[in-house]
Amino acid sequence: MRYHARSSKHGLPDLGLSVIILAAGQGTRMRSDLPKVLQPLAGRPLLGHVIDTAEQLAADDICVVYGHGGEAVLSSFPNGGLRWVLQAEQLGTGHAMQQAMPNTPAENRVLVLFGDVPLLMAPTLRRLLDATPNDEVAVLTVDLDDPTGYGRILRNGDTVTGIVEQKDASSEEQAIREINTGVMVCPAGRLKDWLERIDNDNAQGEYYLTDAVAMAASDGVAVKGIKADSWVEVMGINDKKQLAEAERALQARLVEEHMTNGVGFADPARVDIRGTLTCGKDVFIDVNAVFEGIVTLGDGVRIESNNLIRDSQLGAGTLVHSNCHIEGATTGEGCEIGPFARMRPGAMLANNVKIGNFVEVKNSVIADGSKVNHLTYIGDTKIGTGVNVGAGTITCNYDGANKHKTTIGNDVFIGSGVNLVAPVEIGDGATIGAGSTITKAAPADQLTLERSKQVTIKGWKKPVKKA
Ligand code: UD1
Ligand code: MG
């Protein structure tokens with residue numbers, strides 16, 4: 001559904017909405033080679049959060065003004081649907097808006113968002129749009145105990161008369177605690193005219209979008225200052241300290257949503273969700289769990305302390321003990337992993353599979369009820385049901401040039417310290433003696449072993465330390 005101001009409320013016809021996101025600035029204060037709007041927040045670029053919010057408004061048009069780090073910014077957002085406009089030189093927020101205006105329909109309303117204000121939520125923007133008649137201007141503001149660095153809101157009662165930037169503000173103006181969040185709504189046609197009249201005669205020598213506010217006021221257009229409910233939602237990110245603050249705030253928001261949906265956390269402050277985490281019922285997550293990419297946890301999954309889980313799906317009742325690194329893995333129901341296990345991409349466990357300590361599994365399928373409990377590497381392998389792989393077993397899958405497959409049937413018992421030199425096949429029900437290096441197929445239901453004869457050297461003497 002397209003977002004339109006409700007005509008019933010103001011008795012004016014519906015206008016279309018153009019969202020313009022300013023994201024061209026360098027972000028000098030980040031002191032980073034990465035453009036500011038690509039700095040990660042909860043695992044995604046700052047700008048990605050803003051685009052997501054804009055998309056929830058179902059505007060006619062979402063335009064992103066980009067500039068600094070141009071190619072990198074463009075290639076981070078390959079999906080269509082957005083209008084990208086280059087601001088080759090970053091001469092200020094007003095200049096950035098000038099770049100976007102030529103293709104913005106004059107009859108639309110414009111909602112300005114900043115690429116460095118990532119925690120804003122769509123309901124706040126809807127509230128702002130709803131409260132603003134089509135032919136008026138509104139800025140989203142907030143009161144701060146320490147407003148240093150932000151543009152201050154100048155008011156005459158309920159009407160905003162202008163915005164003055166920190167560096168241009170008199171000491172009286174600097175004492176004003178109501179600041180500009182950067183979010184603004186205005187009629188596009190009027191804005192085009194104001195932008196043409198903006199100059200750079202100010203402390204920073206920049207074309208300030210904020211100067212449009214005083215122009216609107218002097219043209220007799222009503223300008224409202226609408227206050228945001230919380231500072232956190234509208235905070236602008238300019239440096240690494242603010243980035244870290246925003247990260248904690250967003251994490252708190254995400255964890256709270258999960259707790260509302262019934263997920264248990266040992267400590268809501270000690271978990272990080274950098275992507276999309278989906279949880280079933282009665283999931284419990286202990287401290288220092290980090291989730292990255294798309295992770296799904298089935299009903300009753302338990303994640304013990306200190307785990308990194310990335311792009312994985314864990315089936316109902318799966319238990320992940322402490323200190324595991326799990327990436328690109330899937331498990332069925334009732335699996336147990338760790339402590340200290342590494343699951344790499346393509347690790348696929350069926351139901352009730354057990355992967356114990358210091359075990360690495362990569363690109364391998366392990367069927368129901370099989371166990372790999374200690375100190376083992378399983379790579380490019382298919383393991384049947386009810387198999388027990390002994391401690392210290394290695395699938396030797398790499399010959400220095402190519403990878404090869406190991407196939408292990410059902411109900412196989414592999415003794416400890418076995419090397420399975422791929423390509424190799426172990427038949428159903430086979431037993432492999434401990435310490436064997438298996439290079440040929442081992443038949444079903446037989447004991448196969450490969451060991452040199454054990455000898456004891458008579459009269460052998462322990463070496464002694466030279467004087
Ligand atoms: C701006 C506002 C200030 C407000 C603050 C809120 C102006 C003049 N000032 O200041 O009133 O309190 O945000 O966080 O608008 N950008 C461009 N092109 C440019 C310059 C900036 O696209 O030439 C983009 C940046 O990428 C950023 C946004 O505009 O996303 C704001 O720019 P920034 O330099 O961070 O402005 P502030 O000094 O924070
Ligand atoms: Mg800023």
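Just follow the structure's listing: the first ligand is 1, and inside any ligand the first atom is 1.
Scanning all protein heavy atoms for the shortest distance to atom 37 (P) of ligand 1 gives R29 NH2, 4.1 Å. Among protein heavy atoms, the minimum distance from atom 14 (O) of ligand 1 is reached at Y150 CE2, 3.8 Å. The protein atom (non-hydrogen) at minimum distance from atom 35 (O) of ligand 1 is D116 OD2, 3.1 Å. Scanning the protein heavy atoms around atom 16 (N) of ligand 1, the nearest turns out to be G25 N, 3.7 Å. In terms of protein heavy-atom proximity, atom 30 (O) of ligand 1 is nearest to L22 O, 2.9 Å. Looking only at heavy atoms of the protein, atom 22 (O) of ligand 1 is closest to A24 N, 2.8 Å.
Looking at Q87 against ligand 1, only its side chain comes within 4.0 Å, counting heavy atoms. Contact annotation: for N238 versus ligand 1, heavy atoms closer than 4.0 Å belong to the side chain alone. In E165, the part holding a heavy atom less than 4.0 Å from any atom of ligand 1 is the side chain.
To the nearest 10 degrees, the angle centred on the Mg ion (ligand 2) between OD2 in D116 and OD1 in N238 reads 80°.
In this structure, R127 pairs ionically with D229, as a charged nitrogen and a carboxylate oxygen lie closer than 4.0 Å. Between R29 and D116 there is no salt bridge, since no side-chain nitrogen of the basic residue lies less than 4.0 Å from a carboxylate oxygen of the acidic one. Salt-bridge annotation for E178 and R152: absent, with no side-chain N of the basic residue lying under 4.0 Å from a carboxylate O of the acidic one.
Judged purely by distance below 3.5 Å, without hydrogens or angles, the side chains of N363 and K403 never pair a donor atom with an acceptor atom. No side-chain donor from either of T318 and E333 sits under 3.5 Å from a side-chain acceptor of the other. The closest side-chain donor-acceptor pair between S32 and Q39 falls under 3.5 angstrom.
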Using salt bridge (charged side-chain N to carboxylate O under 4.0 Å, His left out), reason through D272 and R248 one step at a time and then give a plain yes or no.
CA-CA 9 Å; D272 280 80; R248 288 346 302 160; 3.1 Å; yes

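The two residues R109 and L129 make their nearest non-hydrogen contact at NH2-O, 3.3 Å.
Using a distance-only test at 3.5 Å, with no hydrogens or angles considered, no donor-acceptor pair links the side chain of S370 to the main chain of I366. Between the side chain of S322 and the main chain of E304, no donor-acceptor pair closer than 3.5 Å is present.
Close contacts of ligand 1 with Y208, meaning ligand atoms under 4.0 Å from a residue heavy atom, involve 8 (C). Below 4.0 Å from some heavy atom of A96 lie the following atoms of ligand 1, by number and element: 17 (C), 18 (N), 22 (O). Each of the following atoms of ligand 1 lies closer than 4.0 Å to a heavy atom of L91: 23 (O). Interface of K36 with ligand 1, defined as ligand atoms under 4.0 Å from a residue heavy atom, comprises 35 (O). Atoms of ligand 1 found under 4.0 Å from any heavy atom of G151 (numbered from 1 in listed order, with element): 3 (C), 4 (C), 11 (O), 12 (O).
A centroid separation of 6.0 Å or more is found between the aromatic rings of Y207 and W194.
Here the CD-CG distance, from Q204 to D168, works out to 6.5 Å after rounding to the nearest 0.5 Å.
The shortest separation from a heavy atom of T181 to ligand 1 is under 4.0 Å, placing the residue in contact.
Residue G92 has at least one nitrogen or oxygen atom sitting less than 3.5 Å from a nitrogen or oxygen atom of ligand 1, judged on distance alone. The shortest N or O to N or O distance between F114 and ligand 1 is not under 3.5 Å.
One option in I20, N180, T141, T93 has a heavy atom closer to atom 29 (O) of ligand 1 than any other, and that option is T93.
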